[in-house]
Amino acid sequence: MSVPLRAITVFHAVARSGSITRAAEDLGVTPSAVSQQVQSLELALGTALIGKAGRAIVLTEAGERYFEMIGAEIDRIMEATERIQGFRSVTTLTVRATPSLSTKWLLPRLAGFITAHPDIELRLDGTNEPTAFQKESVDVEIRHGTGGWPGLFAEGLVEESFRPVCAPSLAAPGSLAAEDLPRHLLIHSVKSQVQWAHWFKLAGIVPASRWRRLLFDRTHMAIDAAARGLGIALESDLMLWGDLRAGRLACPLAAPPRITLVTQWVTCPPDHLRHRKVRAFVDWIRRERDAWTAERAAANL
């Protein structure tokens with residue numbers, strides 16, 4: 001049995017929105033029409049794609065795998081169709097970055113890029129997953145890692161400085177010694193390249209016993225937890241900058257040992273740099289980096 005493209009796109013809309021009703025609104029059809037298309041696709045594939053959990057819908061294991069396999073291709077088809085139909089008279093630039101960098105550093109600066117390039121429609125994809133450039137419609141990625149990816153242009157964003165921080169209500173700036181820190185709840189970003197054990201070794205501290213930990217898999221969550229007074233976090237000034245300037249966070253140590261390294265990299269296949277939209281973004285982010293570096297030096301935070 002052949003599978004109609006219409007049924008595939010309807011399933012894609014349901015899986016993306018997580019709702020038959022919202023998918024129907026997006027497609028301009030009735031919910032019953034959406035259900036019928038999904039059922040016809042399930043019949044053609046010989047497996048269930050969608051189930052129910054109470055009043056909500058959930059993807060089955062087969063549905064999740066199928067959505068993962070078709071998602072990027074359907075997005076390309078939809079974008080190509082919109083362009084041919086004339087819905088887009090501007091160039092779309094897709095940038096991928098981690099949710100933490102997107103939230104804490106990139107988003108507060110995007111107005112400048114949007115203003116300078118009104119003909120470029122920016123799509124910011126916030127995810128920790130490295131881009132498979134041959135399979136995904138991503139123009140440029142700001143990737144968290146150590147650099148050195150074969151076949152990719154990779155330029156370090158900036159050298160970051162890592163330090164302990166907390167809400168001033170928890171500990172005033174300069175009020176603690178390094179050996180005091182293990183007595184506090186220590187906040188960990190589990191994917192960070194700099195961990196507390198490394199910092200304690202650098203500080204010459206051997207904790208007497210296992211310290212209490214609060215663990216997050218996203219840096220921005222760890223930073224927000226520290227700003228709420230839950231504990232002391234060890235984070236990069238690149239991510240901390242807005243909270244440091246606003247006074248929501250401060251370093252509780254007078255002269256903390258600092259760890260510096262590059263963890264964020266502007267990456268893309270070298271041939272992407274031939275595209276005007278990619279060059280515009282890379283040039284812009286270099287200017288933003290230089291401006292931030294100067295601001296950091298002047299503020300001396």
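For the residue pair P164 and L234, the shortest heavy atom distance occurs at N-CD1, 3.8 Å. Heavy-atom minimum distance, E141 versus T131: OE1-OG1, 3.0 Å. Minimum heavy-atom separation, A97 to L106: CB-CD2, 4.3 Å. For the residue pair A62 and A48, the shortest heavy atom distance occurs at CB-O, 3.9 Å. The two residues A227 and A167 make their nearest non-hydrogen contact at O-CB, 3.7 Å. When all heavy atoms of V14 and V34 are compared, the pair lying nearest together is CG2-CG1, 3.4 Å.
No side-chain donor-acceptor contact under 3.5 Å links T103 to the backbone of S100. At distances below 3.5 Å, not a single donor-acceptor pair connects side-chain atoms of W211 with backbone N or O atoms of W196. Using a distance-only test at 3.5 Å, with no hydrogens or angles considered, a donor-acceptor pair links the side chain of E136 to the main chain of A132. Proximity of a side-chain donor or acceptor of E42 to a complementary backbone N or O of L49 within less than 3.5 Å is detected. Put simply, the side chain of K52 never gets that close to the backbone of V58: no donor and acceptor are under 3.5 Å apart. In this structure a side-chain-to-backbone donor-acceptor pair under 3.5 Å is present from R279 to R274. H272 places a side-chain N or O within 3.5 Å of a backbone atom of D139 that can act as its donor or acceptor partner. Side-chain atoms of S192 never come within 3.5 Å of backbone atoms of S189 as a donor-acceptor pair (strictly under, hydrogens ignored).
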Begin from the C-alpha positions of T21 and E25 and carry the test side chain to side chain contact (heavy atoms under 4.5 Å, CB included) through to its verdict.
CA-CA 6 Å; T21 301; E25 292 173 353; 4.0 Å; yes
Dump the intermediate steps for side chain to side chain contact (heavy atoms under 4.5 Å, CB included) on V140 and T267, then the final yes or no.
CA-CA 6 Å; V140 62; T267 66; 6.0 Å; no
Go through the steps for N128 and K191 under the test side chain to side chain contact (heavy atoms under 4.5 Å, CB included), then give the verdict.
CA-CA 10 Å; N128 283 308; K191 296 177 182 178; 3.9 Å; yes
Run the salt bridge (charged side-chain N to carboxylate O under 4.0 Å, His left out) test on R258 and E160 for me, step by step, so that the C-alpha distance in whole Å, both residues' side-chain angles and the decisive distance to 0.1 Å come before the verdict.
CA-CA 10 Å; R258 293 186 181 181; E160 304 162 53; over 6 Å; no
Can R143 and Q264 be said to form a side chain to side chain contact (heavy atoms under 4.5 Å, CB included), step by step?
CA-CA 6 Å; R143 181 177 295 186; Q264 305 290 337; over 6 Å; no
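A heavy-atom distance below 4.5 Å is found between the side chains of T263 and F162. L152 has its side chain within reach of F133: a pair of non-hydrogen atoms, C-beta onward, lies under 4.5 Å apart. Here the side chains of L238 and L101 are in contact, with some heavy-atom distance below 4.5 Å. Side-chain atoms of T60 and I50, non-hydrogen and from C-beta on, never get closer than 4.5 Å to each other. Side-chain contact between L157 and V262: absent, with no pair of heavy atoms (C-beta onward) separated by less than 4.5 Å. Contact of the D243 side chain with the I223 side chain is registered, since non-hydrogen atoms from C-beta on lie closer than 4.5 Å. Looking at D237 and R296, their side chains come closer than 4.5 Å, going by heavy atoms from C-beta outward. Residues H144 and W265 have side chains not in contact (no heavy-atom distance under 4.5 Å, counting atoms from C-beta outward).
Ring pair F216/H188: centre-to-centre distance not below 6.0 Å. Proximity of the aromatic rings of W105 and W241 is defined here by a centroid distance below 6.0 angstrom, and this criterion is not met.
Under a hydrophobic clustering in which Ile, Leu, Val, Met, Phe, Trp and Tyr are joined whenever their side-chain heavy atoms come within less than 4.5 Å, directly or via other members, V282 and V138 fall into different clusters. Under a hydrophobic clustering in which Ile, Leu, Val, Met, Phe, Trp and Tyr are joined whenever their side-chain heavy atoms come within less than 4.5 Å, directly or via other members, L181 and V194 fall into the same cluster. Note on I232: it clusters hydrophobically with L202, by side-chain heavy-atom contacts below 4.5 Å among ILVMFWY residues. Under a hydrophobic clustering in which Ile, Leu, Val, Met, Phe, Trp and Tyr are joined whenever their side-chain heavy atoms come within less than 4.5 Å, directly or via other members, L240 and L214 fall into different clusters. Note: the hydrophobic cluster containing I120 also contains L273 (ILVMFWY, side chain heavy atoms under 4.5 Å, direct or indirect links).
A 6.0 Å sphere centred on CZ of R123 holds no more than 12 heavy atoms belonging to other residues, nucleotides or ligands. When the shell of 6.0 Å around CD of E295 is examined, it contains more than 12 heavy atoms from other residues, nucleotides or ligands. Applying the 6.0 Å contact sphere to CD of E68 captures no more than 12 heavy atoms from other residues, nucleotides or ligands.
Here D224 does not pair with R218 in a salt bridge; the nearest charged N to carboxylate O distance is not below 4.0 Å. Contact check on R276 versus D283 returns no salt bridge, with no Lys/Arg side-chain nitrogen under 4.0 Å from an Asp/Glu carboxylate oxygen. The pair R287-D290 does not count as a salt bridge, with every side-chain nitrogen at least 4.0 angstrom from each carboxylate oxygen. Residues R96 and E129 are not paired through a salt bridge, judged by the lack of any N-O separation under 4.0 Å between the basic side chain and the carboxylate.
S161 contributes atom OG, which lies 12.0 Å from atom CD of E235 (distance to the nearest 0.5 angstrom). In this structure, I8 CD1 and F67 CZ are separated by 13.5 Å, a value rounded to the nearest 0.5 Å. For the atom pair NE2 of H275 and SG of C268, the computed distance is 9.0 Å after rounding to the nearest 0.5 Å. The distance from the CZ atom of R286 to the CZ atom of F281 is 11.5 Å, given to the nearest 0.5 Å. Expressed to the nearest 0.5 Å, how far NZ of K201 lies from NE2 of H198 amounts to 7.5 Å. Put simply, CD1 on I142 and OG on S102 are 7.0 Å apart, with the number rounded to the nearest 0.5 Å.
Taking the six-membered ring for Trp and thresholds of 30 and 60 degrees, F113 and H117 have ring planes inclined between 30 and 60 degrees apart.
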